[in-house]
Amino acid sequence: FRVVPPGTGICHQVNLEYLAKVVWSSKSGDDLYVMCSLNNIKKKTGRTPPVNIILEVILELVGSEGTLLVLAFPGDKINIINKKTNFHWKKSMSSNGIFTELLRRKKESERSLNPIYSGVAYGKNAKEYCQDHHKSIYPFGELSPYRKIIENNGKYLGIGAGFEAFTMVHVLDDFYKENFIHSLYK
């Protein structure tokens with residue numbers, strides 16, 4: 001995708017034509033970031049999609065040389081922030097839907113150690129993407145799995161998720177953080 005930096009009158013511009021090509025050009029060995037909203041699909045179709053089959057098809061698509069990355073923000077993040085409970089990389093459930101929760105539960109999955117904005121990756125680059133996320137104060141900065149998959153030419157696939165849920169835009173926020181009039185993290 002292409003972006004226009006802050007201060008130019010447009011916050012974020014995504015080339016939809018290019019993004020549509022991503023979905024149809026993914027091949028085995030690609031790294032893929034997936035946003036999946038089964039609730040949105042059910043609202044539009046009246047049917048609950050077979051999430052386990054969707055996950056297995058996507059894993060087959062990326063193959064042994066590719067990596068799948070999803071959000072896995074903990075469901076109890078308010079209590080984690082307020083120090084009423086602890087984040088556990090293996091046990092804290094994802095609040096980002098059953099698709100991400102099923103991937104998180106896979107034995108070979110890796111989860112980043114950021115207690116609020118964790119991600120789960122599965123595949124060849126899973127460990128590389130998830131390591132060091134906890135070492136940065138910027139959740140979508142250069143040490144995040146979200147930035148790393150972009151730098152590795154990863155592709156985006158939205159399943160029932162429109163651009164209102166395009167979390168990757170926060171990578172731009174952290175990249176251009178010095179250009180904003182107000183601090184993003186105070």
Side-chain angles (χ1 to χ4, degrees), residues 1-6 11-38 40 51 53-73 89 94-114 116-136 138-177:
F1 63 94
R2 298 187 180 138
V3 299
V4 177
C11 289
H12 308 289
Q13 176 182 325
V14 180
N15 184 328
L16 297 177
E17 208 173 305
Y18 175 75
L19 196 58
K21 291 177 186 175
V22 169
V23 175
W24 299 114
S25 67
S26 291
K27 59 188 181 304
S28 184
D30 282 346
D31 287 357
L32 196 59
Y33 170 74
V34 175
M35 292 285 295
C36 182
S37 176
L38 299 175
N40 284 346
V51 65
I53 294 172
I54 294 170
L55 177 59
E56 293 308 318
V57 166
I58 290 173
L59 288 174
E60 189 175 316
L61 174 69
V62 298
S64 61
E65 293 299 306
T67 305
L68 174 61
L69 174 66
V70 297
L71 301 174
F73 301 171
W89 66 277
S94 169
S95 66
N96 300 100
I98 189 65
F99 183 85
T100 64
E101 184 60 18
L102 288 174
L103 187 66
R104 183 192 72 81
R105 292 177 187 179
K106 286 196 164 293
K107 185 178 179 185
E108 301 85 8
S109 289
E110 296 284 337
R111 188 176 196 173
S112 69
L113 298 180
N114 185 296
I116 308 303
Y117 299 104
S118 63
V120 167
Y122 183 94
K124 183 178 179 181
N125 296 318
K127 191 173 288 247
E128 174 193 336
Y129 286 162
C130 291
Q131 71 185 14
D132 299 330
H133 190 195
H134 62 288
K135 294 180 181 178
S136 176
Y138 301 107
F140 297 91
E142 62 187 319
L143 297 178
S144 77
Y146 317 111
R147 171 92 172 261
K148 290 176 183 178
I149 198 167
I150 288 173
E151 290 176 347
N152 205 29
N153 296 314
K155 296 178 179 179
Y156 170 78
L157 174 61
I159 304 172
F163 285 103
E164 74 281 354
F166 191 61
T167 305
M168 294 301 264
V169 78
H170 297 303
V171 171
L172 299 173
D173 294 339
D174 284 354
F175 186 81
Y176 289 108
K177 64 187 168 292

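Every heavy atom of this structure was used, including side-chain atoms; hydrogens, water molecules and symmetry mates were not.
- K107 pairs by the salt bridge (charged side-chain N to carboxylate O under 4.0 Å, His left out) definition with nothing, not counting sequence neighbours.
- Between S112 and S118 the shortest heavy-atom distance is OG-CA, 3.2 Å.
- The line from CG of D132 to CG of L143 is 5.5 Å long, rounded to the nearest 0.5 Å.
- Atom CG of D30 sits about 10.0 Å away from atom OG1 of T67, to the nearest 0.5 Å.
- A cation-pi arrangement, defined by a distance under 6.0 Å to the six-membered ring centre and an angle within 45 degrees of its axis, is present between K177 and Y138.
- Summarising the geometry of I116 relative to N114, their closest heavy-atom pair is N-OD1, 3.0 Å, with the distance given to 0.1 Å.
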Problem set entry | Derivation of the side-chain contact (heavy atoms from CB on, under 4.5 Å) call for N125 and I149 | CA-CA 9 Å; N125 296 318; I149 198 167; over 6 Å; no
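- Taking each heavy atom of I159 and V34 in turn, the nearest pair found is CD1-CG1, 4.0 Å.
- Around OH of Y117, the count of heavy atoms belonging to other residues, nucleotides or ligands within 6.0 Å does not exceed 12.
- With contacts defined as side-chain heavy-atom distances shorter than 4.5 Å, the pair E110/Y129 does not qualify.
- Scanning for ring pair (Phe, Tyr, Trp, His ring centres under 6.0 Å) contacts around F175 gives an empty result, with sequence neighbours left out.
- In this structure, CH2 on W89 lies 8.0 Å from CG on L113, to the nearest 0.5 angstrom.
- The ring pair (Phe, Tyr, Trp, His ring centres under 6.0 Å) search around Y146 returns H133, F140, not counting sequence neighbours.
- A distance of 12.5 Å separates CG of D31 from NZ of K148, quoted to the nearest 0.5 Å.
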Show me the donor-acceptor pairs within less than 3.5 Å that the side chains of residues 165-172 make with the rest of the protein, sequence neighbours left out.
| unit_1 | atom_1 | unit_2 | atom_2 | d |
| --- | --- | --- | --- | --- |
| T167 | OG1 | A165 | O | 3.4 |
| H170 | ND1 | D173 | OD2 | 2.8 |

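- For E151, the salt bridge (charged side-chain N to carboxylate O under 4.0 Å, His left out) partners are R147, not counting sequence neighbours.
- The line from CE of M35 to CG of N40 is 10.0 Å long, rounded to the nearest 0.5 Å.
- By the 4.5 Å heavy-atom criterion applied to side chains, L69 and L32 are not counted as neighbours.
- Under the side-chain contact (heavy atoms from CB on, under 4.5 Å) criterion, S94 pairs with A72, N96, T100, E101, sequence neighbours left out.
- Rounding to the nearest 0.5 angstrom, the gap separating the CG atom in L38 from the CD1 atom in I98 is 8.5 Å.
- Evaluation of the ring pair (Phe, Tyr, Trp, His ring centres under 6.0 Å) rule for F99 yields no partner, not counting sequence neighbours.
- Considering only residues two or more places apart in sequence or on other chains, Q131 meets the side-chain hydrogen bond (donor to acceptor under 3.5 Å, both in side chains) condition with none of them.
- For S109, the side-chain hydrogen bond (donor to acceptor under 3.5 Å, both in side chains) test picks out no residue, with sequence neighbours left out.
- Looking at residues two or more places apart in sequence or on another chain, you find a salt bridge (charged side-chain N to carboxylate O under 4.0 Å, His left out) between E65 and K124.
- Every residue two or more places apart in sequence or in another chain was checked for a side-chain hydrogen bond (donor to acceptor under 3.5 Å, both in side chains) with S144, and none qualifies.
- For the side-chain hydrogen bond (donor to acceptor under 3.5 Å, both in side chains) test, no residue two or more places apart in sequence or in another chain qualifies with E142.
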